[in-house]
Amino acid sequence: MAQSTYRAPKGTEDLLPVKARAWEHLARVAQDLFSRYGYEPIATPLFEATDVFVRGIGEATDIVGKEMYTFLDKGGRSLTLRPEGTASVVRAVIEHHLTANGQSAKLYYAGPMFRYERPQAGRMRQFWEIGVEAIGMGEPTLDAEVIVMLMRFFAAVGVPSERMRLLLNSMGDERCRPAYREKVASYIWKHAGDLCEECVRRAETNPLRAFDCKNEGCRTVMAGAPLLRDELCDECAAHYAEVRRILDAAGVTYVEDASLVRGLDYYTRTVFEVQAEGLGAQNAIGGGGRYDRLVEEFGGAPTPGLGFALGFERTLLALEAAGVEIPAPPKAEVFVARAGESAALVVFEVTRALRDAGVAAEMDHQGRSLKAQLKVADRIGARAVVIIGDDELASASAVVRDMSSGVEERVPLGEIAGRVASAGGR
RNA sequence: GUGGGUGUAGCUCAGUUGGUUAGAGCGUCGGACUGUGGCUCCGAAGGUCGCGGGUUCGAGCCCCGUCACCCACCCCA
């Protein structure tokens, strides 16, 4: 391997054309789909005051505890590269009063997120997410809308439905969750002997996270723990039931999973996660939930919110594992080849004219032989090659070669664009 | 932070119990066809064998160290 001095930093990757095209494809699908659901684009800075994430995501989370890229700028401010999108968007929504006086905001964004973790399959230090945040609406129809939209996205890009599943749960709210937390905490204390250290520690910081433990013993013990489903207050239970009712009516299949406790502190009520095969040890390609207290947490007026994020890399891994190809357009429809020195200017002009006429056209810039130019034309999938040399110059014409049939004909220079568009075209 | 695996041409990889000029396929470039692609044939370019030490007459192969990447734990997109 060439001894290159510089490499992309650990946990980051260069998106070379093949991959970058797949990226654009996902972004385009999301853009089309989400705008049909009434969502508008937003872009926030890649970094924020550190406190935005500490407050928003929660002190006790792994993200804040050990995964943030935090640094001091030259003014001594503590800044952090965004580890997720919700906190930034909520901050922006409040800062610009997007939900003042009962208004609501339906937003989507796409971009890189940063978490300092050990990279592995499906997990990068810089990874890309498409996210959606709907702020200012508390009705269960919104929960269902967002979930349906997420599932439609995965279907639209080609993740086979039999290779993914939707998990659903309710986390309760400030009325029912605290009491439930206590119940789980005391359950953990009672079974401390059979749980891992981490889970016992969780009893204090965030007992619900113990449901997330992958340790076999912990899972067994936690399977017997009280379920929030049975402890929800009337309002939360009704909200959850309504979300399920709407999803049922929409024909969305889901699995209720009482152990689905997402790793960010801000979630209330509805939480969901989409899992897929082919992601290595990972399984989530997207997830989200309601966060009805987050705006207040940031100092805004009480405002409900809901959102999800989905991962570019993981979605692509799922597609790859399922054998789904991202459609790739031909690089050029027409190649304009030069035979001999004197035709250089005419070749350039013909190429330019084709491009101006909306045709994807390419020409040689390396002084290749005609043979080599034909080879290139073939490789990039050109349907036709326009050949211009001394003979053609003399008669102000060009040879147009149909690359699939090999048939050639002489065409006056002025008629090339029209001829190529009809013959070499679709 | 902890564990495991792997580092040989642009890419994917061979490389026998350490032995002399380190190989293949693909790709690239050129030729067979002096202005014509795909198929075929021929040829060429391209390698500090990750890096640094050590053992040895001799190291891509063995030993030590180091770096990088990958995978897994943890957690998440």
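Note that the structure is predicted; figures quoted are calculated from it, not measured. So you know, we letter chains A, B, ... as the sequences are listed, proteins then strands, and number each from 1.
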Generate the contact string for nucleotides 28-37 of chain B. Rules: B means base contact, S means sugar-phosphate contact only, - means no protein heavy atom under 4.0 Å. SSS--B-BBB
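- Base engagement by G122(A) is indicated by at least one non-hydrogen atom pair under 4.0 Å involving a base atom.
- Atom P of nucleotide G1(B) and atom CD of E117(A) are separated by 13 Å, given to the nearest angstrom.
- Atom P of U8(B) sits at a distance of 11 Å from the matching atom of C49(B), rounded to the whole Å.
- Atom OH of Y266(A) is separated from atom C1' of C76(B) by 12 Å (rounded to the nearest Å).
- One finds no side-chain N or O of Q120(A) lying less than 4.0 angstrom from the OP1 or OP2 phosphate oxygen of C71(B).
- By the 6.0 Å contact criterion, CZ on F348(A) is open, its count of non-hydrogen atoms from other residues, nucleotides or ligands being 12 or less.
- In this structure, CG of L167(A) is placed 13 Å from P of A77(B), rounded to the nearest angstrom.
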Tell me, what's RNA chain B's dot-bracket, Watson-Crick or G-U with both distances under 3.5 Å, | for other-strand, [ ] crossing? (((((((..((((.....[...)))).(((((.......))))).....(((((..]....))))))))))))....
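- Among the atoms of the strands shown, only primed sugar atoms or phosphate atoms (P, OP1, OP2) are found under 4.0 Å from some heavy atom of A284(A).
- The interatomic distance linking M164(A) (CE) with A77(B) (P) rounds to 17 Å, in whole Å.
- Nucleic acid contact for M124(A): base, since at least one base atom lies under 4.0 Å from a heavy atom of the residue.
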